Amino acid sequence: MSALDSQELTVEDAKRQRVRASGLLLKLAGIAALLAIWQAGVTFLDVPTYILPTPMQVWAALKSGLFVPLDSPTGFYIPIASTLANAAMGFVIGSILGLLIGSLMAEFRSVETVLMPYAFALQTLPKVAIAPLIVIWFGFGNGSKIAMAALLAFFPLMVNSFTGIRNTEPERIDLMRSLSASRLEIYARVKLPSAAPFIFAGLDMAAVYALLGTIVAEFLGAQRGIGVTIVQAQAVTDVAGVFAALIILGALGILLHLIIRAIKRRIVHWDERGR
Amino acid sequence: MLSVPLLEKGEFVRPAHAVQTGASPLIAASSVGKTYSTASGEKVLALEGLDVSIAHGEFVSLVGPSGCGKSTFLRILAGLEPASGGRLSIAGDAVSGPSSDVGVVFQSATLLPWLTVAQNTSLPLRVGPARGRAPTGVQALLEMAGLKGFENKYPYELSGGMQQRAAICRALARDPKILLMDEPFGALDALTRERLNVELQRIWQASGKTVLLITHSIAESVFLSDRVLVMSPRPGRILADFAVTLPRPRDFASTPEHPDYLRLTKEIRSVLDHA
């Protein structure tokens with residue numbers, strides 16, 4: 001019986017693996033086709049390279065930025081480090097503040113009543129538009145990059161922790177109340193863990209937003225960063241360089257997403273395996 | 001066999017039904033009422049003139065149609081909601097909030113998915129008035145409930161029946177005088193339910209707790225109880241009080257064929273049908 005079960009399981013597993021492998025193959029084929037069409041299109045239609053470079057030119061630009069010593073002034077590593085450091089700092093500050101304010105709003109009706117209109121107004125405002133103001137207040141140094149990243153990271157955390165805490169199963173709260181648990185105990189031992197799946201979804205968004213915020217602030221003026229690399233490449237119509245920087249940005253975004261997801265899987269392991 | 005304090009006194013003696021007239025009851029409710037106001041300001045009368053008296057060590061079931069307010073009564077007894085009127089006391093003290101004398105088992109097991117079985121069961125020993133003390137006695141409880149070897153499993157790794165057993169252990173963790181159970185087996189399949197009924201009888205006999213069980217199942221109420229209280233539709237009050245003197249321990253092989261069992265289930269059904 002159990003032997004049969006396990007055999008069926010392996011058959012199932014093999015099938016799933018095949019499906020996954022063929023899916024991956026299809027994706028790779030898609031990318032290859034896209035690159036081929038791109039290369040052929042640019043070559044045959046004679047598109048000027050200052051409009052659209054060929055994939056080979058983009059690859060060359062990527063190589064010239066990546067296959068250099070870490071401290072090379074023309075390499076991508078110094079801007080990557082600068083952008084990541086500022087985005088990470090903003091992410092941490094914005095996430096902590098968002099979690100704090102979201103929690104307070106969920107816990108205290110009075111705080112919710114007072115803050116909700118502002119939260120709503122700011123939520124609907126395209127926050128990137130605040131960037132010039134941030135630069136005025138925090139200058140052209142790292143301060144404005146961190147502030148912008150924190151501002152963008154703040155909202156998903158605030159909204160998601162608020163929603164997650166408010167969605168705590170009432171029976172769990174009843175359980176804690178029946179044990180005469182204090183309000184802080186109910187928050188820390190039940191509401192916060194219950195909201196963890198929401199909070200991690202917020203962190204996932206916040207990581208990408210923090211990167212976005214940093215780049216936007218860098219566009220407005222900075223000494224270094226991926227945003228600066230893009231603006232400098234654009235200034236000399238090095239479109240291949242712009243593409244290369246965008247690819248780096250995309251890769252960073254995916255990396256951040258994977259890191260958050262890995263942490264989530266460790267902490268909220270009970271969520272995915274079906275409650 | 002067990003190290004639960006109450007058990008060391010030797011075999012627990014079930015009080016004769018006549019005890020009611022002698023010593024003061026452990027749970028005494030007289031003309032308890034509960035009025036809700038809905039969001040639209042409408043007043044809903046959930047309970048009215050409810051009189052209940054339960055002696056030390058008794059196993060009492062409360063049956064009634066859906067929405068008759070039996071769960072409301074349990075919540076009031078548990079100190080989770082205030083009554084709107086009447087007098088309610090446990091061991092002579094008026095009920096003013098949750099008490100360590102009362103353990104609650106909810107409809108769903110309400111185990112916290114991020115805690116292991118042992119951590120869930122010892123939760124009452126780590127929060128509220130028990131905060132900061134070393135949890136003890138959980139191992140014995142888990143053994144009694146047949147959960148030995150599952151201490152470090154997470155709730156999602158347990159069957160529904162085992163989850164509810166862990167929930168019962170948790171309710172017993174503070175060694176309360178009273179166990180309040182709100183349709184704890186409603187979501188389980190028939191066989192698991194019967195098995196848990198037998199287990200609950202054993203746990204009750206071994207621990208000497210006073211149990212108030214809310215249930216939809218007439219069969220379950222007669223099988224387990226010393227007394228079955230039948231409630232009217234809303235506003236809920238007690239329509240009938242049946243003494244069940246079937247010999248113990250009861251089992252599903254013979255008890256359901258006992259003439260008294262058949263007579264009682266029939267009589268209770270007829271009271272419910274004419275309510």
Side-chain angles (χ1 to χ4, degrees), chain A residues 1-2 5-6 9 99 103 106-107 109 112-113 160-161 164-203 260-275, chain B residues 71 74-82 95-117 119-132 153-158 160 163 166-167 170-171 173-174 176 178-184 187:
Chain A
M1 175 68 197
S2 70
D5 274 357
S6 66
L9 212 69
L99 183 61
S103 297
E107 279 293 291
R109 292 273 171 191
E112 185 198 352
T113 309
N160 279 31
S161 51
I165 290 167
R166 279 287 167 87
N167 274 302
T168 306
E169 282 173 36
E171 277 203 327
R172 289 182 186 166
I173 297 171
D174 278 346
L175 164 72
M176 291 299 278
R177 285 183 54 219
S178 80
L179 298 173
S180 311
S182 70
R183 188 166 192 165
L184 189 63
E185 280 176 326
I186 297 178
Y187 171 76
R189 286 182 179 272
V190 168
K191 289 184 178 177
L192 203 55
S194 291
F198 285 85
I199 291 170
F200 271 98
L203 288 173
I260 303 272
R261 202 177 64 171
I263 298 172
K264 185 204 154 160
R265 285 210 173 141
R266 278 201 68 82
I267 297 183
V268 205
H269 61 90
W270 43 268
D271 185 47
E272 280 177 315
R273 292 177 222 178
R275 268 180 297 173
Chain B
S71 288
L74 182 133
R75 290 177 62 81
I76 293 172
L77 262 182
L80 292 171
E81 279 178 40
V95 174
S96 58
S99 150
S100 290
D101 281 343
V102 177
V104 186
V105 180
F106 295 89
Q107 273 179 35
S108 67
T110 321
L111 298 174
L112 302 178
W114 52 87
L115 298 182
T116 63
V117 169
Q119 287 168 335
N120 264 296
T121 309
S122 64
L123 183 72
L125 304 175
R126 289 181 287 128
V127 301
R131 180 173 42 236
K153 299 270 185 216
Y154 284 91
Y156 59 76
E157 298 173 292
L158 265 55
Q163 289 185 11
R170 181 180 59 197
R174 280 184 185 170
I178 300 167
L179 202 54
L180 299 178
M181 309 181 87
D182 188 2
E183 293 181 40

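Please read all numbers here as calculations on a predicted model, not as lab measurements. Every chain is numbered from 1 and lettered A, B, ... according to where its sequence line falls, protein lines coming before strand lines.
Heavy atoms of B/S100 lying under 4.5 Å from chain A are absent altogether. Using a 4.5 Å cut-off between heavy atoms, A/E171 contacts chain B through both its backbone and its side chain. Interface remark: B/L80 contributes backbone and side-chain atoms alike to the contact with chain A (heavy atom separation under 4.5 Å).
B/R170 is listed as a side-chain neighbour of A/L175, based on a closest heavy-atom distance under 4.5 Å. B/I76 is not listed as a side-chain neighbour of B/V95, based on a closest heavy-atom distance of 4.5 Å or more.
Ranked by heavy-atom pairs under 4.5 Å with chain A, the first of B/S108, B/G79, B/P129, B/S99 is B/S108.
Distance check, rounded to the nearest 0.5 Å: OG of A/S180 to CD of A/E185 gives 9.5 Å. In this structure, the separation between OG1 on B/T116 and CD on B/E157 is 10.0 Å, given to the nearest 0.5 Å.
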